[in-house]
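What follows is a short report on a single structure.
Just so it is clear, the model here is predicted, and its values are computed rather than measured.
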Amino acid sequence: MSDPASRGPRRALQVLSLAAILASGAVGFLSYYLLVHRPSSIVAAGDSHPASTGAQGGDSEGVSERQEEPPAPKVPESLPDLQLPGTDGRRHRLTDWKGRDLLINFWATWCEPCRREIPLLKSIRRENASKNLEIVGIAIDYDEVVRRYVSEHGIDYPVLAGEREGLQAATAFGMETVLPFSVFSDRQGRVVTLKVGELHRDEAELILDRVREVDAGRLALASAQMEISEGVRKLRQARAEGPG
């Protein structure tokens, strides 16, 4: 039989151990929520990216909290001068693809919504091979892990990678703790829009159609940004309401 005098310290130690485990789990969940589980939204060049809202959104408490936050970083009007290592062993600048429409996708191998996007991105690139579009992935992840993932999953578009440099690249686009997000730019290197959250085919087609209208001079950049913002909002609403 155990000594009653020793049971107290042992019980206290067990309680402290359980508290440490629970705290560790809470930190892990918070990190996942901040990095992955954010509501989808659209941001036009020059606008501040939206603050995170609750699951329902629009509550007065959330509004009050957002008003106390410091101003969010700005999405640049043009592609920043970034240079990152590619999975091909060379360093690349975004200007390497100057003169082409770009879809720049920020992702990570551990991010489930990011992984779901990859087949769509491969399909979009294949379908637009003759339309002067390039897709560039920027992985905020370890180089060797990304190289292995790219090889195993047959990713055929250029992928740049780097944990520290990837984070710096995301910050250069005004983003910090959200994945995935996709940047669309026109042939002049102007940022047309930035889509936060998992990209869907109908959204990509809408945005790329407006980017091509801008390229052709048939639509002003500001008008394209307004149409994209409204169009993506309607698509998101229709998807939330479901069929029928």
Side-chain angles (χ1 to χ4, degrees), residues 24-43 49-52 72-73 75-76 79-97 100-126 133-185 191 193-201 203-204 207:
S24 176
V27 170
F29 175 80
L30 180 61
S31 298
Y32 172 81
Y33 185 85
L34 288 173
L35 287 167
V36 181
H37 190 66
R38 289 290 188 91
S40 176
S41 55
I42 199 78
V43 184
H49 71 73
S52 175
V75 178
L79 293 176
D81 184 20
L82 298 172
Q83 184 183 100
L84 291 94
T87 55
D88 60 359
R90 297 185 296 144
R91 295 186 68 85
H92 295 272
R93 295 182 181 274
L94 293 182
T95 52
D96 290 353
W97 296 280
R100 307 183 73 172
D101 295 326
L102 285 184
L103 193 175
I104 305 167
N105 179 254
F106 281 78
W107 67 292
T109 61
W110 46 261
C111 165
E112 177 59 30
C114 304
R115 295 195 297 264
R116 287 199 301 263
E117 289 179 320
I118 290 173
L120 172 62
L121 296 173
K122 291 167 63 177
S123 178
I124 290 173
R125 186 179 191 247
R126 184 172 60 250
L133 169 72
E134 184 59 283
I135 293 175
V136 177
I138 296 182
I140 304 176
D141 212 330
Y142 295 110
D143 294 353
E144 61 274 16
V145 174
V146 175
R147 288 195 188 96
R148 184 165 62 249
Y149 194 93
V150 166
S151 175
E152 291 174 352
H153 293 81
I155 298 178
D156 54 1
Y157 50 84
V159 174
L160 315 180
E163 193 177 32
R164 180 179 58 81
E165 291 176 292
L167 281 170
Q168 291 173 344
T171 301
F173 279 104
M175 303 299 296
E176 293 176 350
T177 58
V178 114
L179 282 179
F181 70 89
S182 297
V183 180
F184 293 78
S185 66
V191 175
T193 199
L194 187 154
K195 167 66 171 58
V196 182
E198 183 176 354
L199 183 66
H200 298 276
R201 175 171 285 276
E203 296 168 339
I207 295 170

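Classification of Asp156 and Lys122 as a salt-bridged pair fails, no side-chain N sitting under 4.0 Å from a carboxylate O. Of the charged side-chain nitrogens involved, at least one lies within less than 4.0 Å of a carboxylate oxygen, so that Glu165 and Arg91 count as a salt-bridged pair. For Glu112 and Arg115, the salt-bridge test passes: some basic side-chain N is under 4.0 Å from an acidic carboxylate O.
Glu144 CD to Arg148 CZ: the interatomic distance, rounded to the nearest 0.5 Å, is 7.5 Å. The CZ atom of Arg126 sits 13.0 Å away from atom CG of Leu133, with the distance rounded to the nearest 0.5 Å. A distance of 11.5 Å separates CD1 in Ile138 from NE2 in His92, rounded to the nearest 0.5 Å. Atom SG of residue Cys111 and atom CG of residue Asp141 lie 10.0 Å apart, to the nearest 0.5 angstrom. The structure places CZ of Arg116 at 12.0 Å from CG of Leu199, a figure rounded to the nearest 0.5 Å. The CD atom of Glu203 sits 9.5 Å away from atom CG of Leu120, with the distance rounded to the nearest 0.5 Å.
Taking the side chain as every heavy atom from C-beta outward, Leu179 and Trp110 approach each other to under 4.5 Å. A 4.5 Å side-chain heavy-atom check between Ile104 and Phe173 finds at least one atom pair inside the cut-off. Leu84 places none of its side-chain heavy atoms less than 4.5 Å from the side chain of Arg93. With contacts defined as side-chain heavy-atom distances shorter than 4.5 Å, the pair Tyr157/Leu121 qualifies. Residues Asp101 and Glu134 are not in side-chain contact: their nearest non-hydrogen atoms beyond the backbone lie 4.5 Å or more apart. In this structure the side chain of Val196 never reaches within 4.5 angstrom of the side chain of Phe106, judged on heavy atoms.
Checked against ring-ring contact (aromatic ring centres under 6.0 Å, His included), Tyr149 has the following partners two or more places apart in sequence or in another chain: Trp107, His153. Residues meeting the side-chain hydrogen bond (donor to acceptor under 3.5 Å, both in side chains) test with Glu163, sequence neighbours left out: none.
Side chains of Arg201 and Ser123: a donor-acceptor N/O pair is present below 3.5 angstrom, by distance only.
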I'd like to know whether Val136 forms a side chain to side chain contact (heavy atoms under 4.5 Å, CB included) with Leu103, so could you lay out the CA-CA distance, the side-chain angles of the two residues, the decisive distance to 0.1 Å, and finally the verdict. CA-CA 6 Å; Val136 177; Leu103 193 175; over 6 Å; no

Verdict with supporting geometry, Asp81 and Leu94, side chain to side chain contact (heavy atoms under 4.5 Å, CB included): CA-CA 7 Å; Asp81 184 20; Leu94 293 182; over 6 Å; no

Would Tyr142 and Thr109 satisfy side chain to side chain contact (heavy atoms under 4.5 Å, CB included), going step by step from the backbone distance to the final call? CA-CA 9 Å; Tyr142 295 110; Thr109 61; over 6 Å; no

Before giving the answer on side chain to side chain contact (heavy atoms under 4.5 Å, CB included), spell out for Thr87 and Asp143 the whole-Å C-alpha distance, their side-chain angles and the decisive distance to 0.1 Å. CA-CA 7 Å; Thr87 55; Asp143 294 353; over 6 Å; no

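Minimum interatomic distance between Cys114 and Pro180 (heavy atoms only, all atoms of both residues): SG-CB, 3.6 Å. The nearest pair of heavy atoms linking Leu82 to Ala169 is CD1-CB, 3.8 Å. Taking all atoms of both residues into account, the shortest heavy-atom contact from Arg125 to Pro158 is NH2-CD, 4.2 Å. Between Arg147 and Gly86, the closest heavy-atom pair is NH2-O, 4.3 Å.
At distances below 3.5 Å, not a single donor-acceptor pair connects side-chain atoms of Asn105 with backbone N or O atoms of Gly137.
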